[in-house]
Amino acid sequence: MPENKPVVGLSWEPKLPQLSFGTKKSSFNKEAETSALYKPSSELIDGLFVPPNDPKKVNKFLRKQVKDTAGKNWFDMPAQTITPELKRDLQLLKLRGAMDPKRHYKKSDLKSKALPKYFQVGTVIEPASEYYSSRLTKKERKTTITDELLSDRKLGLYRKRKVREIEEHNRPGGVDKWKIRGSQSWKRAKQRRH
C-alpha cells in the first residue's frame with residue numbers, strides 16, 4: 001500500500017502524450033493535429049497555454065490580446081460591455097429631448113440607432129457648499145438614470161398628459177355612421193337625394 005505523503009506546497013506535472021515518429025508524413029500530421037500538444041488558442045493544456053508554432057496564428061492571437069480603446073487622444077478609454085441596464089440608460093439619453101418640454105438639446109445623430117462603443121459611467125458627487133441648494137436627497141438617489149426618471153413625479157405627470165393628448169388626437173371624432181367611407185358614402189348620398 002503506497003504511503004500518503006503530506007503535501008507541502010504545490011506540485012504540477014504536465015501530461016504529455018508519447019510522440020511516435022513514423023516514416024509516413026501523413027500519419028505524423030494526423031497525430032500532431034489530434035495530440036494534446038497543439039490545440040486552438042482558446043483551449044488550455046493542463047491549465048497552461050501552449051502558443052502555436054504557425055506565425056500567422058501567433059499574429060492573430062496577438063491582435064486579439066490588444067485592448068479595444070478609443071486611442072491616445074482619448075486617454076485610451078476602453079470599450080464598455082453593454083449590459084441591459086446600460087443599454088436602457090443610453091437609449092434614454094438619446095431620447096432626452098422628449099422628456100422635459102422646457103429643456104432643449106442640440107440635435108444628435110437621431111437617424112443612427114447604434115449605441116456608442118466608447119463611454120464612461122460615473123457618479124456625481126456634490127461639493128459640501130451645495131448641501132442645501134442642488135443636491136439629491138437619499139430618497140431621490142437611484143442606481144440608474146432609468147430609475148431616477150421613473151421615480152420623478154413631475155416627469156410622470158408630464159408623460160401621462162402627453163400620452164392622453166396623443167390618444168385624443170388619434171381618436172376618431174364624431175358619430176360612426178356619419179364617417180366618410182369612400183364609394184359607400186356616395187351611394188348613400190344618392191339615395192338621400194332621390
Side-chain angles (χ1 to χ4, degrees), residues 40-43 59-194:
S41 61
S42 61
E43 294 183 27
N59 288 339
K60 187 177 180 182
F61 176 71
L62 290 175
R63 269 186 263 125
K64 282 185 182 178
Q65 292 300 320
V66 174
K67 288 185 178 180
D68 189 15
T69 63
K72 287 186 178 180
N73 292 341
W74 287 91
F75 304 102
D76 294 323
M77 184 189 303
Q80 297 287 333
T81 54
I82 296 182
T83 60
E85 293 86 16
L86 267 177
K87 185 176 180 181
R88 200 175 314 124
D89 286 349
L90 290 172
Q91 287 171 341
L92 267 173
L93 283 174
K94 267 194 169 181
L95 299 172
R96 68 183 184 262
M99 284 187 251
D100 193 357
K102 299 192 177 175
R103 282 195 183 162
H104 302 285
Y105 298 97
K106 187 189 283 188
K107 280 189 180 180
S108 62
D109 50 345
L110 295 173
K111 292 179 183 176
S112 70
K113 293 181 181 178
L115 297 174
K117 188 174 181 182
Y118 305 105
F119 60 90
Q120 288 184 342
V121 179
T123 306
V124 176
I125 300 173
E126 301 92 1
S129 61
E130 295 183 4
Y131 186 78
Y132 292 106
S133 61
S134 63
R135 75 177 183 96
L136 293 174
T137 60
K138 282 188 179 179
K139 270 188 181 179
E140 294 171 340
R141 290 179 201 271
K142 304 292 178 188
T143 54
T144 61
I145 298 172
T146 311
D147 295 337
E148 274 189 37
L149 292 175
L150 288 175
S151 65
D152 189 9
R153 190 154 189 248
K154 288 180 184 176
L155 187 63
L157 293 172
Y158 173 73
R159 276 195 322 262
K160 284 181 184 177
R161 182 172 58 86
K162 278 295 180 186
V163 167
R164 209 175 312 115
E165 286 176 9
I166 292 169
E167 285 175 352
E168 286 175 9
H169 178 72
N170 293 336
R171 187 180 305 136
V175 184
D176 199 35
K177 66 180 181 180
W178 298 112
K179 277 189 179 176
I180 298 172
R181 292 203 179 104
S183 61
Q184 291 177 353
S185 64
W186 287 104
K187 287 178 185 174
R188 195 178 305 132
K190 272 186 180 179
Q191 290 169 358
R192 271 187 259 134
R193 271 189 250 134
H194 296 289

Mark yes or no: R135 above the aromatic ring of Y131, with NZ or CZ under 6.0 Å from the six-membered ring centre and no more than 45 degrees from the axis.
yes

Side-chain donor/acceptor pairs under 3.5 Å, residues 114-130, sequence neighbours excluded:
| unit_1 | atom_1 | unit_2 | atom_2 | d |
| --- | --- | --- | --- | --- |
| K117 | NZ | D68 | OD2 | 2.9 |
| Y118 | OH | D68 | OD1 | 2.8 |
| Y118 | OH | T69 | O | 3.4 |
| E126 | OE1 | R141 | NH2 | 3.4 |
| E130 | OE1 | S134 | OG | 2.9 |

_Expected output: side-chain R96 to main-chain L93 donor-acceptor under 3.5 Å_ = yes

State, yes or no, whether a side-chain contact exists between R88 and T144 at a heavy-atom distance under 4.5 Å. no

Tell me if the CG atom of N73 is crowded by more than 12 foreign heavy atoms within 6.0 Å.
no

task: Flag the pair L92 / M99 as yes when at least one side-chain heavy-atom distance between them is below 4.5 Å, and no otherwise.
output: yes

Would you be so kind as to tabulate the donor-acceptor pairs closer than 3.5 Å made by side chains of residues 150-164, with sequence neighbours excluded?
| unit_1 | atom_1 | unit_2 | atom_2 | d |
| --- | --- | --- | --- | --- |
| S151 | OG | D147 | O | 3.2 |
| S151 | OG | E148 | O | 3.0 |
| R161 | NH1 | E165 | OE2 | 3.1 |

### Query
Hey, is OH on Y105 packed in by over 12 heavy atoms from elsewhere, all under 6.0 Å?
yes

